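Indexing begins at 1, ligand by ligand and atom by atom, following the structure's order. Predicted model, so just to flag it, every value in this text is computed and none were measured.
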Amino acid sequence: MPTAAMREAMARAELGDDVYGEDPTLNRLEARAAEVLGKEAALFFPSGTMANQASLHVLTRPGDVVLASRDCHILRYESGAAAALAGVQIQTLGEGGCFSAEEVLGALVPPDPHFAPVRVVAIENTHNDAGGRVFPYEELGRIATLARERGLRLHLDGARLMNAVVASGIPAAAWAAPFDTVSVCLSKGLGAPVGSVVGSSRALREELRRVRKRLGGGMRQAGMLGAAGLHALEHHVERLREDHAHAARLAAGLEGLGLRVEGKPETNIVMFHVPETLAFWKAAWEKGLRVNPPSGTRLRAVTHLDVTASDVEEALRRIASCLRR
Ligand SMILES: Cc1ncc(COP(=O)(O)O)c(C=O)c1O
């Protein structure tokens, strides 16, 4: 949720019409985002989904193949947009949100009219479905080298890139360097009410602007949202460390209750398993515990700037009482 200070920044924002590129606050946000990502330019989007899908749109032609991780957001949680809008097919690789340069190599096809051309490699960092996992940086370098050699383009779904930055100590610009397009959410853990940015070259940004308009994402006095995003980038990145510590404590507490937790959380997402999952989830909801609806026996808990250390302890107490029912 936006904090009081963020709301104040939003209320004070100097505004213009961003469809004409005349909103000074939005322009400042885009300049700052480009600087953080080490890119020539950045463009604001109303959502991470639109940011990802517009990026795929400008990097591909209909019928192309995008290589991506198993259970990636662009395939699983964006309502079929890659097929419906860009007209591309996503082929998944690897396990646990990661894949290797060898797997990319194995998925390439000869220039034969039978095959759909592989055009893009997309990486999700951190990986939502893999429980907030940070992509191995060295492997990313190997994939990027291979992609360059083979003329492939690269997209980073960095909805939670800042979590990866804080967890790894590797700066955002270093993570972003090999990619043609990098989407980052200002909402989620960074606490802005709305918004994502895509960092890219200046030329790609102009193509992205056209696709954004076509998708209905050109907004007028968007500087109010830009002010929230700027505030998030200035004040809410370093504190992600606290969310990561809270996730680690939550995971340890869940294990202490005898529950299975998937891996050790690297960032702010905890994937855990509960028997009689649906009944547990309903009981948890009644007790004010917001965990994502189950998939199989699996539940997702996320820590963020509205969750304190004592909230984590209280959550564990409530989870224990749901298990006893
Ligand atoms: C990895 C990832 N990418 C993209 C998105 C999409 O963001 P939005 O919900 O703003 O469309 C999400 C949302 O949860 C996400 O987890």
Side-chain angles (χ1 to χ4, degrees), residues 1-2 29 33 37 42-57 59 66 68-82 84-86 90 92 94 96-99 120-135 140 154-167 172 175-176 179 181-199 208 211-212 215-217 219 222 225-226 228-229 232-233 236 240 243 247 265-271 290-293 295 298-305:
M1 292 288 177
L29 167 68
L37 295 173
L43 189 70
F44 185 72
F45 281 84
S47 71
T49 299
M50 196 190 285
N52 279 336
Q53 295 300 330
S55 299
L56 294 184
H57 209 103
L59 297 177
V66 174
S69 54
R70 194 165 156 197
D71 295 325
C72 58
H73 202 277
I74 56 170
L75 174 63
R76 201 162 170 200
Y77 301 111
E78 299 189 3
S79 197
L85 304 177
I90 297 178
T92 60
C98 303
F99 52 87
V120 170
V121 180
I123 283 177
E124 186 175 318
N125 191 23
T126 66
H127 200 282
N128 177 36
D129 207 78
R133 190 155 173 207
V134 179
F135 201 93
L140 171 60
L154 285 162
H155 171 66
L156 175 59
D157 177 356
R160 299 182 185 77
L161 181 64
M162 295 306 165
N163 293 87
V165 166
V166 167
W175 279 114
F179 292 93
T181 47
V182 178
S183 67
V184 177
C185 287
L186 302 163
S187 56
K188 309 196 170 45
L190 293 186
V194 171
S196 284
V197 282
V198 175
L208 285 163
V211 175
R212 183 184 71 175
L215 296 173
M219 294 183 289
L225 302 174
L233 284 179
H236 293 170
L240 292 172
D243 300 341
E266 293 179 29
T267 55
N268 67 328
I269 298 179
V270 182
M271 296 291 195
R290 303 278 199 269
V291 288
N292 254 23
S295 140
R298 187 193 210 204
L299 291 155
R300 185 188 78 157
V302 173
T303 53
H304 52 78
L305 84 171

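- Asp129 and Arg298 are joined by a salt bridge, as a carboxylate oxygen and a charged side-chain nitrogen come within less than 4.0 angstrom of each other.
- Between the side chains of His304 and Asn268, no donor N or O sits under 3.5 Å from an acceptor N or O.
- For ligand 1, the polar-atom distance check finds no N/O of Ser196 at less than 3.5 Å from any of the ligand's N/O atoms.
- Of the N or O atoms in Lys188, one or more lie within a sub-3.5 Å distance of an N or O in ligand 1.
- The atoms of ligand 1 that sit less than 4.0 Å from any heavy atom of Asn128 are 16 (O).
- Looking at ligand 1, you won't find any N or O of Glu78 less than 3.5 Å from one of its N or O atoms.
- Atom OG of Ser183 is separated from atom CE of Met50 by 13.0 Å, given to the nearest 0.5 angstrom.
- Every atom of ligand 1 is numbered from 1 in the order shown, and the set under 4.0 Å from a heavy atom of Ser47 is 10 (O), 11 (O).
- Among all heavy-atom pairs drawn from Asn125 and Val134, the shortest one is OD1-CA, 3.5 Å.
- For Met50, no nitrogen or oxygen atom sits less than 3.5 Å from a nitrogen or oxygen atom of ligand 1, counting backbone and side chain alike.
- The nearest heavy-atom contact from the protein to atom 1 (C) of ligand 1 is Glu124 OE2, 3.2 Å.
- Rounding to the nearest 0.5 angstrom, the gap separating the OG1 atom in Thr49 from the CD1 atom in Ile74 is 11.0 Å.
- Shown in contact with Arg160 at under 4.0 Å from a heavy atom are these atoms of ligand 1, numbered in order with element: 1 (C), 14 (O), 15 (C), 16 (O).
- Under 4.0 Å from ligand 1, the heavy atoms of Asn52 that appear belong solely to its side chain.
- No more than 12 heavy atoms of other residues, nucleotides or ligands sit less than 6.0 Å from atom CZ of Arg70.
- At least one donor-acceptor pair closer than 3.5 Å links the side chain of Glu124 to the backbone N or O of Asn128.
- With respect to Trp175, the side-chain contact (heavy atoms from CB on, under 4.5 Å) criterion is satisfied by exactly one of Val182, Leu140, Leu37: Leu140.
- Summary of contacts: the protein heavy atom closest to atom 3 (N) of ligand 1 is Asp157 OD2, 2.8 Å.
- At a 4.0 Å heavy-atom cut-off, ligand 1 touches Ala159 through the side chain alone.
- Ser69 places no side-chain N or O within 3.5 Å of a backbone atom of Cys98 that could act as its donor or acceptor partner.
- At a heavy-atom cutoff of 4.0 Å, ligand 1 is contacted by both the backbone and the side chain of Thr49.
- The protein heavy-atom contact nearest to atom 12 (C) of ligand 1 is His73 NE2, 3.0 Å.
- When Gly48, Pro46, Ser187 are checked for heavy-atom proximity to atom 8 (P) of ligand 1, Gly48 turns out nearest.
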